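Heads up: the structure comes next, in structure tokens.
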Amino acid sequence: MNAASKPVPSHVGLQAQSPWRRVVLEFISSPTAVVGLLVLVLIMLVAVLAPWIVVQNPYDLMQLNVLDARLAPGSANMDSGYTYWLGTDGQGRDLVSAILYGLRISLWVGIGSALIAAVIGTLVGLVSAYVGGWLDALLMRLVDLLLSFPVILMALMILAWLGKGVGNVMLTLILLEWAYYARTARGQALTESRREYVDAARGQGIGPWRIVVGHILPNCLPPLIVIGALQIARAITLEATLSFLGLGVPVTEPSLGLLIANGFQYMLSNEYWISLFPGLALLITIVAINLVGDRLRDVLNPRLLR
Amino acid sequence: MSLPERNAAAMSTQAPTQTPTLEVRNLCTSFYTRAGVLPAVRDVSLRVAPGRILGLVGESGSGKSVTGFSILGLVDAPGRISGGQVLFKGRDLTQLSAAGLRELQGNRIAMIFQDPMMTLNPVLRVDTQMIEAVRAHRTVSKREARAHAGRTLALMGIPSPEERLRAYPHQLSGGMRQRVAIAIALLHAPDLIIADEPTTALDVTIQAQILSEVQKLVREQGTSLIWITHDLSVVAGLADDVAVMYAGRIVEQGSVADVLDRPQHPYTQGLIDSLPSRNKRGQRLRQIPGMAPDLLSMPTGCAFAARCSRATSVCAQEPPEREIAPGQTVRCFHPGAADAQ
Amino acid sequence: MRSESTPLIELRQVSKTFGKAADSSVQRLLQRLHVTRPRPVTHAVDKVDLRIQRGEVVGLVGESGCGKSTLGRMVAGLLPVSSGTALVDGQPRDSLTPEERHAMRLKVQMIFQDPSSSLNPRLRVDRIVGEGALLHGLTDKHGFDDYVSAQLQRAGLSPQLRQRYPHQFSGGQRQRIGIARALAVQPELLVCDESVAALDVSIQAQILNLFMDLRDELGLTYLFISHDLGVVEHLCDRVVVMYLGRVVESASVDDLFARANHPYTQALLAQIPRFDVRSTRYDAIQGEIPSPLNPPAGCHFHPRCPHATARCREEVPALREVSPNHLSACHLNDLS
Amino acid sequence: MIGWTLRRLTQSFLVVLLMTLVVFVGLNAIGNPMDILVGEDLNQAERLQAIAHLGLDKPLWEQYLIFLKGAVHGNLGQSFVYHEDAMRLILQRLPATFELAFCALFLAVVIGVPLGMFAGTYPDHPLSRMMMAASIVGFSLPAFWVALMMIMLFSIKLGWLPASGRGETRELFGVQWSWLTLDGLQHLLLPALNLALFKISLVLRLTRAGVREVLPQEFVKFARAKGLSPMRVMCMHVMRNTMIPVVTVLAMELGSTIAYAVVTESIFSWPGAGKLILDSINMLDRPVVVAYLMVVVVIFVVLNLIVDGLYYLLDPRVRVEGSR
């Protein structure tokens with residue numbers, strides 16, 4: 001058969017080049033993606049090491065000095081002389097440490113909920129694709145139902161019932177996001193199971209579960225990884241939005257969303273920094289994740305998602 | 001507005017001395033990709049007289065489709081025509097402006113593609129796609145254009161054209177869809193049709209129907225036809241002349257009788273020997289060893305040397321295209337018909 | 001226990017339908033409630049008899065939609081039969097114990113058409129080829145590398161390539177890997193479903209030569225499915241022609257190509273482009289290939305058959321012997 | 001065609017029924033329905049009278065029927081805060097939210113689609129690269145933070161636009177619209193832009209991906225081979241195919257715009273249903289929450305119908321059954 005107008009790409013690879021190595025090589029070839037990845041790794045490092053590198057524990061009310069409230073960036077601390085590089089918030093919290101701790105919560109909620117939802121969703125998707133029949137129809141109807149309602153509304157309703165707190169926010173996110181993974185995992189598993197290498201494996205007497213896990217699952221991973229990146233970014237944004245609305249984290253341990261919400265009232269008296277800097281931190285994190293996610297989508301499966 | 005009649009003089013029996021409908025001289029087309037420059041078409045020259053059929057034969061990656069697209073100026077980025085001339089009735093298409101070229105596309109030169117599933121726009125009805133093709137080159141009312149479309153479909157032997165016009169592409173079978181695509185190509189009675197493997201995706205009986213209709217039309221209307229395919233048997237039955245391509249070059253060219261019965265180039269000989277019907281039943285086929293070269297790392301000199309039983313040190317240079325017999329050229333230092341089996 | 005004459009594979013009145021009508025009452029209720037849409041039923045294979053003797057190369061030809069691939073998958077045990085019985089070595093497939101069925105499954109292996117989708121892109125070649133053999137104890141942990149190398153060698157690939165991944169091979173090489181995988185479990189029958197259709201002529205010749213070498217070397221039996229009559233004529237001992245789910249003719253290669261009996265076979269043979277036939281006058285048979293969704297009544301070929309009679313439109317012609325082991329299903333034979 | 005619509009309608013009806021069941025179970029499972037529907041500050045006599053009235057003493061399934069009957073007639077209890085019928089309260093506020101959502105979507109389409117077409121057709125053009133970078137940032141911007149920044153910049157620093165409230169409205173077809181008055185428009189601009197920002201980058205990327213996928217297809221090359229003008233090839237062939245996924249996603253995005261309006265409305269204190277629901281949640285005004293949930297369920301079921309309808313109309317492969 002005649003190949004597409006462009007000739008067949010070079011097939012004489014020198015040494016064993018696994019598909020995953022090929023993905024890494026292609027990922028590196030885009031500078032913006034590499035920058036995104038570096039920024040993301042830096043942010044994660046900073047968030048994990050926060051308690052050791054930060055001047056003050058923003059969640060320990062004892063250390064807060066109300067007199068230092070609403071100080072402009074660069075002003076010094078009353079007694080111990082360290083400077084508040086980004087100023088302080090309404091309760092005298094050093095914004096730098098508050099942002100770092102806030103990042104911890106955001107990343108923890110975002111990545112945690114996305115991973116758990118991914119595992120649940122993929123399992124449901126694979127089982128639904130493999131078993132088929134009425135179970136498949138039932139699960140997919142549920143998934144369609146969940147996906148047809150916007151996440152923020154469902155989150156509002158659930159939090160209104162369950163009450164506030166990081167745990168509830170994560171539970172809400174997991175409850176809503178597993179559906180994305182389930183739909184994609186099922187769709188991908190069905191397309192892969194129709195391909196000839198699955199028939200070949202069945203013909204060689206390889207057991208059904210060994211085929212699903214050993215043969216089909218590795219080919220379902222690429223689209224799931226792409227969704228994972230997108231979902232982490234959405235989860236972080238959603239957590240910040242819910243906290244901003246006062247439904248997320250408790251007041252004593254403000255995440256970035258709550259910091260921004262607290263800063264809103266001071267904006268009128270031109271103290272912009274309380275809302276500005278946490279917002280910037282949030283933006284940089286999400287942009288970094290989206291840059292990485294975008295590149296992954298082009299590299300792993302160009303035609304998937306938007 | 002009936003189809004403009006062709007004058008009888010242009011019938012195929014005319015000796016090719018008459019000015020050719022199309023003459024391609026030293027055409028080069030390359031793809032400038034990140035991985036490097038892919039020389040898809042390297043110094044290709046060919047000519048087609050009115051009413052004659054030229055078979056352009058080659059395997060995957062030989063550049064035959066790219067040649068077809070280059071002639072019609074449809075090469076997309078990162079591909080670009082990097083040299084040579086495409087003379088259509090004396091005018092060099094490579095120098096024409098986009099608008100100038102567009103006047104000819106679909107009007108004087110038409111193209112048919114391989115995949116019947118994707119040639120027609122799946123969301124538009126057949127009549128919409130035919131009417132727009134008519135009105136692209138004729139200022140006529142939609143009603144008139146539709147009538148002309150219906151007549152052309154009937155000409156292609158399509159039963160109940162009215163019903164086909166109202167249908168959507170996915171409601172037609174592969175064979176029917178390909179006939180509609182051919183009908184669209186014939187709307188303006190073009191002087192030249194370039195067919196890129198139109199029957200490869202079809203079944204034998206449907207392919208036979210398409211071949212008979214195309215052959216009849218070319219003979220009746222004196223249209224020149226370039227039939228691009230990898231199937232030697234189709235070319236043997238359909239074409240008047242044949243050009244064999246390998247790794248971006250035409251390695252042998254001439255009349256069907258000369259080239260297929262007395263092949264001069266070892267690759268042509270190898271292709272013919274690989275055909276099951278050219279071997280004794282049940283015996284091992286005489287195969288061409290190895291694989292086609294990778295266009296990214298093109299060997300210097302003759303690209304076929306690595307797989308050629310006649311290769312010698314002289315093959316390290318590029319063999320020139322030489323006329324070995326009247327109307328038959330070959331690009332090889334050791335041409336000659338192998339001892340017929 | 002099995003005499004020499006027992007065929008390796010035998011299909012008796014085997015049929016296959018896809019998209020079964022809504023049988024359970026719940027489905028019918030849902031459809032009546034307009035909740036689900038009724039699924040069309042296609043009769044892919046319709047009461048086919050087929051016998052493949054050990055060491056024989058049987059060609060199965062027909063155009064798209066004739067059910068030859070479906071039949072091939074039923075022979076390979078990848079698709080269950082809807083009705084009729086499939087016997088391997090004289091034993092019905094569905095009456096076997098799980099262990100027997102397990103061993104039986106390895107006896108028949110399939111070579112697929114599309115070289116890029118028949119190999120798992122994420123597995124290394126040695127695991128693709130050797131996983132089945134390892135599972136069934138044909139080799140063990142430390143003998144694995146040599147075993148896989150031997151299989152690749154026999155399929156014409158150099159063993160150092162076994163660490164590589166499918167995307168690092170050309171179409172022809174990938175087809176060889178598929179063959180090595182099939183042979184690794186030491187089958188007796190190879191079902192080749194359009195195995196050379198996706199390859200260029202020069203590569204096609206190399207793979208066909210490999211098939212012939214393996215036949216001589218291992219005494220393999222083949223069911224060679226193809227739309228390319230030229231290839232079938234060269235490779236096969238016997239040819240079975242199918243049209244829209246039914247066998248219309250079956251004969252030895254010489255018999256079929258010289259004295260084709262069924263009008264459809266005659267049309268097929270007349271219309272294959274022949275290398276040595278120049279500037280042919282194509283007189284194609286008219287009409288479209290009917291859709292398997294609602295096949296025509298009586299003989300499926302009657303809408304396109306030049307000799308169709310009233311009887312052809314109603315009565316399904318039986319597959320009868322018209323000359324020594326030359327079967328054909330056409331009413332015209334009753335007249336002569 | 002009729003079979004299809006009938007099928008979709010029955011499916012939608014089943015979904016709404018299912019949701020009422022879920023809501024009802026939610027009411028009873030978590031917390032005592034008594035205090036949800038009746039409120040704590042009534043004395044004993046009034047409590048008994050309310051229980052009888054709402055039939056909370058009857059068996060569960062009978063309660064569900066009463067609840068269902070109430071839902072159909074639109075009375076799902078009185079709002080504690082406003083002492084008005086919850087459903088009517090929400091229906092009063094909905095037009096403001098719709099106005100905001102439609103305006104945001106309009107901006108998204110008018111800006112997103114043309115830019116997306118350009119970025120898809122000329123991917124290596126510097127402008128396209130810049131647009132893609134901007135769309136990634138736009139895609140990542142947290143809506144609430146952008147709202148604050150907009151207020152700070154345009155209202156406080158520059159003072160061009162009002163920071164909150166809805167401004168004058170004029171009546172049209174019995175509903176108050178603010179885009180009909182200049183003052184109304186000034187109030188509408190910031191919240192609508194805030195809501196639209198995310199959607200613009202979404203539509204831009206969606207259209208670009210669609211164009212990138214359609215352009216290399218054979219029927220586009222065939223259209224060019226027919227000698228059609230580039231404009232015709234772009235509109236009739238490329239856009240028609242690209243728009244199918246874009247339009248269906250847009251209809252879905254209308255739903256999420258309505259949902260995200262909750263945030264924007266509370267920041268800009270835009271008197272829409274979103275702001276109402278948020279305040280009700282904070283003030284534990286449960287009947288309003290229940291009523292809002294029912295209204296939202298119906299809206300999204302209708303939206304899903306519209307999405308399927310659009311897909312059905314735009315893509316003939318779905319609409320016209322039967323192959324050869």
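All of these numbers come straight from a predicted model, not from anything done at the bench.
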Would you call C:Asp145 and C:Arg162 a salt bridge, using N to O less than 4.0 angstrom?
->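 Salt bridge present between C:Asp145 and C:Arg162.
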Closer than 4.0 angstrom, basic N to acidic O: yes or no for C:Glu131 and A:Arg210?
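Counted as a salt bridge, because a side-chain N and a carboxylate O are separated by less than 4.0 Å.
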| query | Under 3.5 Å, is there a donor-acceptor pair linking the side chains of C:Ser170 and C:Arg176? | reply |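 Looking only at side-chain atoms, C:Arg176 and C:Ser170 do not form any donor-acceptor pair under 3.5 Å.
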### Task
Classify the side-chain pair C:Tyr165/A:Arg21 by whether it contains a donor and acceptor separated by less than 3.5 Å.
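Not at all, the side chains of C:Tyr165 and A:Arg21 share no donor-acceptor pair under 3.5 Å.
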Only pairs of heavy atoms separated by less than 4.5 Å count here; which of [options] has the most with chain A?
| options | result |
| --- | --- |
| C:Arg122, C:Arg105, C:Gln160 | C:Arg122 |
| C:Gln163, C:Arg181, C:Arg124, C:Arg73 | C:Arg181 |
| C:Ser118, C:Ala182, C:Gly178, C:Gly171 | C:Ser118 |

What part of [X] is in contact with chain A, defined as an atom under 4.5 angstrom from a non-hydrogen atom: side chain, backbone, both or neither?
| X | answer |
| --- | --- |
| C:Gln109 | side chain |
| C:Leu135 | side chain |
| C:Arg127 | side chain |

### Task
Report the residue from C:Val191, C:Val88, C:Leu87, C:Val58 that forms a side chain to side chain contact (heavy atoms under 4.5 Å, CB included) with C:Ile9.
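Option passing the side chain to side chain contact (heavy atoms under 4.5 Å, CB included) with C:Ile9: C:Val88.
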